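Just so you know, these numbers come straight off a predicted model, no measurement behind them. Chain naming here is simple, since letters A, B, ... match the order of the sequence lines and numbering starts at 1 in each.
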There are 2 protein chains.
Amino acid sequence: MVTKSSRRTHSVPEPAPPLASRPLYLQARDRLVREIVDGVWKPGDYLPSEAQLAVTFGVSIGTIRRATEELAAQGLLERQHGRGTQVVPHSSDRSRFRFLRFVHPDGRSFRPVAHLIQQSVQPATREDLEHLDLPKNAEVLVLLRTRSEDGVPLIYERIALPAERFSKLHFEAGQDMLEEIYVLYQKHSGETVVRAEDDIRADAATRAIATALGCEVGTPLLMVRRVAFSLTGDRVEHRKSWTATLRYRSLLD
Amino acid sequence: MVTKSSRRTHSVPEPAPPLASRPLYLQARDRLVREIVDGVWKPGDYLPSEAQLAVTFGVSIGTIRRATEELAAQGLLERQHGRGTQVVPHSSDRSRFRFLRFVHPDGRSFRPVAHLIQQSVQPATREDLEHLDLPKNAEVLVLLRTRSEDGVPLIYERIALPAERFSKLHFEAGQDMLEEIYVLYQKHSGETVVRAEDDIRADAATRAIATALGCEVGTPLLMVRRVAFSLTGDRVEHRKSWTATLRYRSLLD
DNA sequence: GAGTGGTCTAGACCACCCA
DNA sequence: GGGTGGTCTAGACCACTCA
């Protein structure tokens, strides 16, 4: 039950208002997020109807609506007319397009297969610590992989994950990763990625990258650094991706 | 007056509904946009209050609210509690942060001064035609400029604008451009940029760019291509920016 | 204190999905 | 046909701004 601070409607009087409170729709929104984080509603589940939620939360339908609409805009929920409101499953299709994305020079979309080169738990680098907001001496699970189309490697990638949080996640080296990796985070470690920050710079191919991508050392590359955030706002992934041939495209709107 | 298709409330009967109509809040939203495009409300103006708009448009306040909230989320309006709702002026500060932006490697924001190298009207390149959606043989106004901080040029930029639309825009070559360029588009040509699509790739410095940026030919560069859209959804700017040292950062959220 | 936007409610009716 | 979300309204009260 969300806390009302003595609101009246239609001139019904009421005793003195206690503490100032956050708007009900924010309380409702946060409560829904918390319940999703806690696994009360899992990705793929349908929430109770708005009318039900309104009763449960002790607010009006309009307030529930405002909360769910905000979460839908944010990509966490999906409202389906006539069916209900679903906690968005991290289906491969959806998650690939929620962030900026790589495309071919001609604008064709990029549909890669990922190939794991190596995985290991190791001390976090200075960069990892900073971007994942980890304490000194923390360890990270590092995945090195390429992403290819038609057998041609186009992206070389290093992914660092907080080792503790992702202790249940591991792969066979050399294995093809058929599922979208955010789906795996969710399935094996219960981490749902909802947001990411990217930043992009120019870089020159190192020996290792040149080998993996089959280009020359020193070739101009795009380096995309991504920090991904979970439902709870924690930094859960630090990824660096290098590509020589692809472009990176914004999806504003 | 927006067109209602026979809506009733509180069981008040009414004759047969005519054609299916778009939701009133969309009609209201579009009408507001059209009025802003037509100059009825100029950037910096305050709209009439919600109550007034509701009367004028013949809908309820809630409907007006939904329309203006959408436009506010989109960045076209700014709601100010207790003051009113303002058509967002393209103030330098605001427009710089509405899109992806360049930052320094350490995350410091980049506050450049632009320096015009050359301007000329010329036949559009194949790329210009494609990205600006212009007819064959169209001409574009091309601006070449650098953007510097503390006298150090960090970005080299080529901006192509449809020559007809921007016939009133011109500068002295060699001049420093102190105002944000989108403010100039608005002031001199009545074009308000509301949205942009970026795409980013790696490139190597050409002779011209190397000279302008003081780097070596072949240095890995970030090339950002931006297509900017006006209020009416037309493509009004095709810009390519090259930088060796800066990063490009997303602002999702 | 008048006027504006911000929150919240209650209720009507519409449009869609599915059994 | 029952249930769900989508649109729209009317009205109460709150919180902020400015004269």
Side-chain angles (χ1 to χ4, degrees), chain A residues 1-29 32 45-73 77-87, chain B residues 1-30 32 45-55 57-73 77-87:
Chain A
M1 175 69 134
V2 293
T3 307
K4 302 198 203 188
S5 76
S6 112
R7 293 229 170 238
R8 299 137 295 292
T9 320
H10 297 144
S11 305
V12 178
E14 214 171 294
L19 295 169
S21 74
R22 301 178 61 230
L24 295 179
Y25 72 91
L26 290 181
Q27 295 183 44
R29 183 197 66 181
L32 283 171
D45 287 355
Y46 282 85
L47 296 183
S49 72
E50 300 181 335
Q52 294 242 343
L53 285 173
V55 172
T56 309
F57 285 24
V59 298
S60 78
I61 289 189
T63 302
I64 292 296
R65 174 176 229 86
R66 182 149 180 196
T68 54
E69 254 165 7
E70 207 166 292
L71 294 175
L77 298 180
E78 190 172 287
R79 306 172 63 89
Q80 294 164 33
H81 194 171
R83 294 236 285 166
T85 299
Q86 192 185 28
V87 180
Chain B
M1 174 70 134
V2 295
T3 306
K4 303 199 202 187
S5 74
S6 112
R7 296 231 166 231
R8 26 301 64 276
T9 320
H10 297 142
S11 308
V12 178
E14 213 173 297
L19 296 168
S21 74
R22 300 178 61 230
L24 295 179
Y25 73 91
L26 291 180
Q27 295 183 44
R29 183 196 67 181
D30 293 350
L32 283 171
D45 287 356
Y46 282 86
L47 296 183
S49 72
E50 300 180 336
Q52 294 242 346
L53 285 173
V55 172
F57 286 24
V59 299
S60 78
I61 288 190
T63 301
I64 292 296
R65 174 176 229 88
R66 182 148 179 196
T68 53
E69 254 165 7
E70 208 165 292
L71 294 175
L77 297 180
E78 190 172 287
R79 307 171 63 88
Q80 295 165 32
H81 194 171
R83 295 234 286 164
T85 300
Q86 191 185 29
V87 180

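The phosphate of C:dC8 has neither OP1 nor OP2 within less than 4.0 Å of any side-chain N or O from A:Y25. For B:T63 and D:dT9, the shortest distance from a side-chain N or O to OP1 or OP2 is below 4.0 Å. A sub-4.0 Å separation between OP1 or OP2 of C:dG5 and a side-chain N or O of B:T85 is present. Contact between the side-chain N/O atoms of A:R65 and the OP1/OP2 oxygens of D:dG6 is found at a separation under 4.0 Å. Close to D:dT4, at under 4.0 Å from its OP1 or OP2, lies a side-chain N or O of A:S49. Listed pair A:R79 / D:dT4 fails the phosphate criterion, with no side-chain N or O lying under 4.0 Å from OP1 or OP2.
As a whole-Å value, the separation of B:I61 CD1 from C:dT4 P is 10 Å. Here the P atom of nucleotide C:dT9 and the CD1 atom of A:I64 are 9 Å apart, to the nearest Å. Straight-line distance from the CG atom of A:L77 to the C1' atom of D:dT4: 15 Å, rounded to whole Å. Taking atom CZ of B:R29 as the reference point, atom P of D:dG6 lies 16 Å away to the nearest angstrom. For the pair A:F57 CZ and C:dT9 C1', the computed distance is 17 Å after rounding to whole Å. A straight line from CG of A:L53 to P of D:dG3 spans 17 Å, rounded to a whole angstrom. Note: CD (B:E50) to P (D:dC13) measures 19 Å, nearest angstrom. Rounded to an integer number of Å, the gap from A:E70 CD to C:dC8 P is 12 Å.
B:R66 comes within 4.0 angstrom of sugar-phosphate atoms only, judged by non-hydrogen atoms across all strands, and of no base.
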_Intermediate values then yes/no, side chain to side chain contact (heavy atoms under 4.5 Å, CB included), B:R22 and B:D30_ = CA-CA 11 Å; B:R22 300 178 61 230; B:D30 293 350; 2.9 Å; yes

*Decide yes or no on side chain to side chain contact (heavy atoms under 4.5 Å, CB included) for A:L47 and A:L32, but give the supporting numbers first.*
CA-CA 9 Å; A:L47 296 183; A:L32 283 171; 4.2 Å; yes

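The salt bridge (Lys or Arg N to Asp or Glu O under 4.0 Å) search around B:D45 returns none, not counting sequence neighbours. Checked against side chain to side chain donor-acceptor pair (under 3.5 Å), B:T63 has the following partners two or more places apart in sequence or in another chain: B:S60. Under the rule for a side-chain contact (heavy atoms from CB on, under 4.5 Å), the partners of A:E70 that lie at least two apart in sequence or sit in another chain are A:Y25, A:L26, A:R29. With sequence neighbours left out, B:R65 forms a salt bridge (Lys or Arg N to Asp or Glu O under 4.0 Å) with B:E50, B:E69.
In summary, of the residues considered (B:Q80, B:R79, B:E78), a side-chain hydrogen bond (donor to acceptor under 3.5 Å, both in side chains) with B:Q86 occurs for B:Q80 alone.
Here the straight-line distance linking atom CD1 of B:I61 with atom OG of B:S49 works out to 7.5 Å at 0.5 Å rounding. Note that the CG atom of A:L53 and the OG1 atom of A:T68 stand 8.0 Å from one another [nearest 0.5 Å].
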Close N/O contacts between protein and nucleotides 16-19 of chain C (under 3.5 Å):
residue, atom, partner, partner atom, Å
C:dC18, OP1, A:R83, NE, 3.4
C:dC18, OP1, A:R83, NH1, 2.9

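Nearest heavy atoms, B:L77 versus B:V87: CD2-CA, 3.9 Å.
When the C1' atoms of four end pairs are superposed on the next four at each end of the helix from C:dG1-D:dC18 to C:dC18-D:dG1, using five pairs per end, the two resulting axes differ in direction by 10°, to 10°.
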